[in-house]
Amino acid sequence: MHYWLMKSEPDEFSFEQLRTRGTEPWTGVRNYQARNFMRAAAVGDLVLFYHSNCPEPGIAGVAKISKAAFTDPTQFEAKSDYYDPKSQRADPRWSCVEVAFHQTFKRHVTLPDLRACQALAEMLILRPGNRLSVTPVTATEFKAICGLGQK
DNA sequence: GCCAACGTTGGC
DNA sequence: GCCAACGTTGGC
């Protein structure tokens, strides 16, 4: 069992939308490190859903990996924002996973909350300049954040 | 809207 | 393989 953190801009796709839809293919990741993390994710892994680039950045709730990595179709769609003309169908560059709604927190865990939590001092997402949209989270970090969310 | 941090690109 | 230029991310 592994834990992950995935970022989304709520203007693009919010946790609320995931709750309504149930599942969502996590397409459009165009960073090799983030892609490799998605390839390492397994069905059932839990995901902290982070809202970025918004008035109150932070963790909105918990999602779950519902499909392991598969070829991201948007890389071949010429009209897509995520079109990658250099990707070959015989050897696709980009993968995505499918995520499912899992659980809403009782309260939004804000970035200042995360920074104030001693157990999260080493978290990748809190390091200056970290822009990875998919990062691994330790079990300890995951539990600490769930604790904050259920307060 | 500013700006720091970082990844990617491409010339050499 | 180096590195400057550029684009993007994301908090503030």
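Quick note on labels: first sequence line is chain A, next is B, and so on, each numbered from 1.
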Between the first and last five pairs of the helix from B:dG1-C:dC12 to B:dC12-C:dG1, the angle of the axes, rounded to 10 degrees: 10°
Of all pairs that satisfy salt bridge (Lys or Arg N to Asp or Glu O under 4.0 Å), the ones with a partner from residues 55-84 of chain A, not counting sequence neighbours: A:Arg30-A:Asp72, A:Lys67-A:Glu98, A:Asp84-A:Arg93
Taking 5' to 3' order, which nucleotide of DNA chain C is first and which is last to have an atom within less than 4.0 Å of a heavy atom in chain A? C:dG7 to C:dC12
Residue pair A:Lys86/A:Asn31 against DNA chain B: nearer the 5' end by closest nucleotide is A:Asn31
Between atom CH2 of A:Trp94 and atom OG1 of A:Thr74, what is the distance when rounded to the nearest 0.5 Å? 10.5 Å
Do A:Arg39 and A:Ser95 pair up side chain to side chain, a donor and an acceptor below 3.5 Å, judged on atom types alone? yes
May I have the list of side-chain donor-acceptor pairs in residues 139-151 of chain A shorter than 3.5 Å, sequence neighbours left out?
from: A:Glu141; atom 1: OE1; to: A:Thr138; atom 2: N; distance (Å): 2.9
from: A:Glu141; atom 1: OE1; to: A:Thr138; atom 2: OG1; distance (Å): 3.4

Stretch residues 121-134 of chain A: residues that reach within less than 4.0 Å of DNA chain B through a heavy atom: A:Pro128, A:Gly129, A:Arg131
So with a 6.0 Å cut-off around NE2 of A:His102, is the heavy-atom count from everything else above 12? yes
Stepwise side-chain hydrogen bond (donor to acceptor under 3.5 Å, both in side chains) check, A:Glu9 with A:Ser52: CA-CA 5 Å; A:Glu9 304 193 10; A:Ser52 66; 4.8 Å; no
Would you give me the side-chain donor-acceptor pairs under 3.5 Å for residues 124-132 of chain A, sequence neighbours excluded?
from: A:Arg127; atom 1: NH2; to: A:Glu122; atom 2: O; distance (Å): 3.2
from: A:Asn130; atom 1: OD1; to: A:Leu132; atom 2: N; distance (Å): 2.9
from: A:Asn130; atom 1: ND2; to: A:Leu124; atom 2: O; distance (Å): 3.3

Identify whether A:Phe13 and A:Ile65 are in the same connected component of the hydrophobic contact network (ILVMFWY, side-chain heavy atoms under 4.5 Å). yes
When A:Trp4, A:Trp26, A:Phe105, A:Phe101 are each screened for ring-ring contact (aromatic ring centres under 6.0 Å, His included) with A:Phe49, the one that passes is A:Trp26
Between A:Pro10 and A:Cys54, what is the shortest heavy-atom contact and its length? CG-CB, 3.6 Å
